[in-house]
Amino acid sequence: SKIQVKILAGNAAVVSVKPYIQAADGKKKGRLWLDVVVKNTASEPQAYSVFGQAKTDTGGWLGGMVEAPKDGKLVPGKETTAKIRTGYEGEQVPKEIRVEILPAGNLGG
């Protein structure tokens with residue numbers, strides 16, 4: 001897979017992105033999950049919105065977003081894993097994946 005990473009929070013680093021398909025028992029197709037390890041490179045505690053999406057066969061993008069860490073803020077120099085459940089469904093990990101790290105509070109709502 002080709003994974004594109006954009007950091008819009010300005011004080012974060014993406015350590016790793018692990019895409020995988022999680023299918024229900026006996027099913028071939030499943031949801032694409034992205035385990036994104038984010039590191040706080042700022043000098044003060046931070047929180048992030050982590051957005052991940054995958055390109056479909058028809059050229060559209062399906063994604064999901066989570067806050068990292070789930071509650072509170074990430075201490076400087078520490079890492080946290082954001083587990084994103086995307087809207088993408090398939091038998092295998094798609095060829096193109098995009099990950100964006102945004103300042104926290106971009107979930108809307």
Rounded to the nearest 0.5 Å, the CG atom of L34 sits from the NZ atom of K83 at a distance of 10.5 Å
In this structure, would V37 and L74 fall into the same cluster of hydrophobic residues linked by side-chain contacts under 4.5 Å? no
List the atom of A47, the atom of G72, and the distance in Å for their closest heavy-atom pair. CB-O, 3.8 Å
Ignoring hydrogens and geometry, is there a side-chain-to-backbone donor-acceptor pair from T41 to A12 under 3.5 Å? yes
From CG (N40) to NZ (K73), nearest 0.5 Å: 10.0 Å
Validation: residues 25-33 side-chain donor-acceptor distances under 3.5 Å, sequence neighbours left out:
unit_1: R31; atom_1: NH1; unit_2: T86; atom_2: O; d: 3.3
unit_1: R31; atom_1: NH1; unit_2: G87; atom_2: O; d: 3.4
unit_1: W33; atom_1: NE1; unit_2: Q22; atom_2: OE1; d: 3.1

Could you tabulate the donor-acceptor pairs under 3.5 Å formed by side-chain atoms of residues 88-103, not counting sequence neighbours?
unit_1: R98; atom_1: NE; unit_2: Q53; atom_2: OE1; d: 3.0
unit_1: R98; atom_1: NH2; unit_2: Q53; atom_2: OE1; d: 3.1

Nearest heavy-atom approach of A68 to A82 is CB-CB, 4.0 Å
Would V17 and I7 show up in the same hydrophobic cluster when neighbours are defined by side-chain heavy atoms closer than 4.5 Å? yes
Of all heavy-atom pairs linking V15 and K39, the shortest is CG2-CB, 3.8 Å
When rounded to the nearest 0.5 Å, the distance separating CD of Q4 from NZ of K55 is 9.5 Å
For a quick test of reading the model, state the closest non-hydrogen atom pair linking Y48 to A9 and the distance between them. CD2-CB, 3.7 Å
Distance-minimising heavy-atom pair for I84 and G52: CD1-N, 3.8 Å
Using the rule that two of Ile, Leu, Val, Met, Phe, Trp, Tyr join whenever any of their side-chain heavy atoms come within less than 4.5 Å, decide whether V66 and V5 are in one cluster. yes
